[in-house]
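Computed from a prediction, not measured in an experiment: that's the story for all the values here.
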Amino acid sequence: MNLGIVVAFGAMIFITWTLVSTLPTVFDTPSVSIIIPGVEMPGSSIYIPFVYGLIALATVLVVHEFSHGIQSVGEKISIKSIGLLLFAIIPGAFVEPDEEELKNAKRSSRLRVYAAGSVANITLALIAMLLISLISMGIPAFFDENGIEIDRIVSDSPSDGILKEGMIIESINNEKVNDSESYVNIVGSFHPGDNVSVQTDQGTYNVVLDKNPNNESVGFFGIQASKHFEMINNSLGPIPWVLFELLELFQWVAMLNLGIGLFNLLPLKPLDGGYMLEILLSYRLSEEHYKPIVNALSVVMAMIIVFSLVAGFL
């Protein structure tokens, strides 16, 4: 965790710069959005499937909180309470170190405790990415990519009520869609207002494109698509299809752990990053000087986050 402190401060600089640098384009691509598994949130281009989202969110919370607890025990700081919880159907976890002991602990100990949660999330994200790579290398042994399948239709989008989930896109405007690369190239060539003919395994449909929420110069279909595969090696029966379920699960585990882990390192109290910055400044500044600095920075960061959320809804 001594190395973890360095990683945490590096991640703090990265996520703070990322958040600030995206302000000029906040109305085109908001950098902050609320995410709820199974719910389309206004202003968010990310839709998290319900089951995968709950499992991934559970890994975020359990790993984050329990890592705080484990590190507290390692620093000889007592744990007052620890447990799992379920709010409606949203999983959670909590660890409550003894606040007085934590406050009186060495500054290096407190830094390790505060850094532990997010560093554990980032580590789990890296492990998930490694598993994704291993699974991706195993898929060609059993499957061959064959077109693009529609996974989800965005509500109130140009494709809503026209295209359906499960359709296989075979060509667009008579241009053959062989794989994900050809699909991306074809879709990226259209503009808002274009009347596009989409040929699927269930028929041909016309869609008038709208403005893409992330880039108004690009046409927007309003579909979430993924690679379509056909099995070429059925020596293990239907078992290899589990690889795709694991692939999607680990993708969300990686995304949520990395995203939430980094967000928690923002220099904003009461996030861990805010407390870490306060401790770091205390090495050189007195309390009457570093407290106002961190409080002012917390207000600025909170305003940026609120502004990004509002911009997304608008």
Side-chain angles (χ1 to χ4, degrees), residues 1 3-4 6-8 10-11 14-15 18 33 35-39 44-71 84 86 89-93 95 115-152 165 179-181 183-184 224-265 272:
M1 282 311 303
L3 176 61
V6 178
V7 171
F14 168 76
I15 190 61
T18 300
S33 62
I35 53 172
I36 300 177
V39 178
S44 176
S45 58
I46 300 174
Y47 173 80
I48 304 177
F50 180 71
V51 175
Y52 294 130
L54 284 184
I55 296 173
L57 188 58
T59 66
V60 173
L61 299 173
V62 171
V63 166
H64 186 99
E65 293 298 328
F66 283 12
S67 294
H68 279 313
I70 292 169
Q71 191 63 40
L84 301 172
L86 193 67
I89 55 173
I90 305 297
V95 172
S118 289
V119 170
N121 287 138
I122 295 171
T123 302
L124 180 57
L126 294 175
I127 293 172
M129 290 177 189
L130 176 61
L131 292 173
I132 290 169
S133 298
L134 293 174
I135 293 172
S136 298
M137 288 189 292
I139 285 177
F142 297 94
F143 300 94
D144 185 29
E145 185 177 352
N146 181 22
I148 293 294
E149 181 176 352
I150 299 175
D151 285 338
R152 188 176 70 92
E165 297 176 3
D179 51 28
S180 55
E181 183 178 354
Y183 171 75
V184 170
Q224 186 179 69
S226 63
K227 298 176 182 179
H228 177 67
F229 290 91
E230 287 187 354
M231 182 176 284
I232 57 175
N233 179 358
N234 59 0
S235 58
L236 297 179
I239 294 177
W241 287 105
V242 176
L243 292 175
F244 294 106
E245 304 298 327
L246 293 175
L247 187 64
E248 186 167 4
L249 173 61
F250 290 137
Q251 285 173 341
W252 289 114
V253 169
M255 181 178 291
L256 292 189
N257 273 277
L258 185 60
I260 297 175
L262 288 174
F263 183 86
N264 196 60
L265 288 173
D272 292 333

Tell me, do [X] and [Y] make a side-chain contact under 4.5 Å, heavy atoms counted?
X: H64; Y: N264; answer: yes
X: Q251; Y: I132; answer: yes
X: K227; Y: E149; answer: no
X: S235; Y: F142; answer: yes

Q) Any side-chain donor paired with an acceptor under 3.5 Å for T59 and N257? A) yes
Q) So, D144 and H228: side-chain donor and acceptor under 3.5 Å apart, yes or no? A) no
About how many Å separate [atom2] of [Y] and [atom1] of [X], when rounded to the nearest 0.5 Å?
X: L124; Y: L131; atom1: CG; atom2: CG; answer: 9.0 Å
X: F66; Y: L61; atom1: CZ; atom2: CG; answer: 10.5 Å
X: L258; Y: I15; atom1: CG; atom2: CD1; answer: 8.5 Å
X: Q224; Y: I150; atom1: CD; atom2: CD1; answer: 11.0 Å
X: F244; Y: I139; atom1: CZ; atom2: CD1; answer: 4.5 Å
X: M231; Y: L236; atom1: CE; atom2: CG; answer: 8.0 Å

State, to 0.1 Å, how close [X] and [Y] come at their nearest heavy-atom pair, and which atoms those are.
X: A225; Y: I148; value: CB-CG2, 3.3 Å
X: V63; Y: A120; value: CG1-CB, 3.6 Å
X: G69; Y: V95; value: CA-CG1, 3.5 Å
X: Q71; Y: A116; value: CB-CB, 3.8 Å
X: M129; Y: A254; value: CG-CB, 4.1 Å
X: D151; Y: S226; value: OD2-OG, 2.7 Å

Short side-chain to backbone donor-acceptor contact, S118 and G261, under 3.5 Å
yes
If only atom types and distance count, is the side chain of N121 paired as donor or acceptor with the main-chain N or O of V60 below 3.5 Å?
yes
E65 meets the side-chain hydrogen bond (donor to acceptor under 3.5 Å, both in side chains) criterion, sequence neighbours left out, with none
Fill in: Check: F143 ring centroid to W241 ring centroid under 6.0 Å
yes
- Check the pair F250, I127 against side chain to side chain contact (heavy atoms under 4.5 Å, CB included), reporting the backbone distance first and the verdict last. CA-CA 9 Å; F250 290 137; I127 293 172; over 6 Å; no
### Task
Could you give me the CA-CA distance, side-chain angles and deciding distance for L247 and S136, then say whether side chain to side chain contact (heavy atoms under 4.5 Å, CB included) is met?
CA-CA 8 Å; L247 187 64; S136 298; 3.8 Å; yes
With sequence neighbours left out, the residues meeting side-chain contact (heavy atoms from CB on, under 4.5 Å) with E245 are Y52
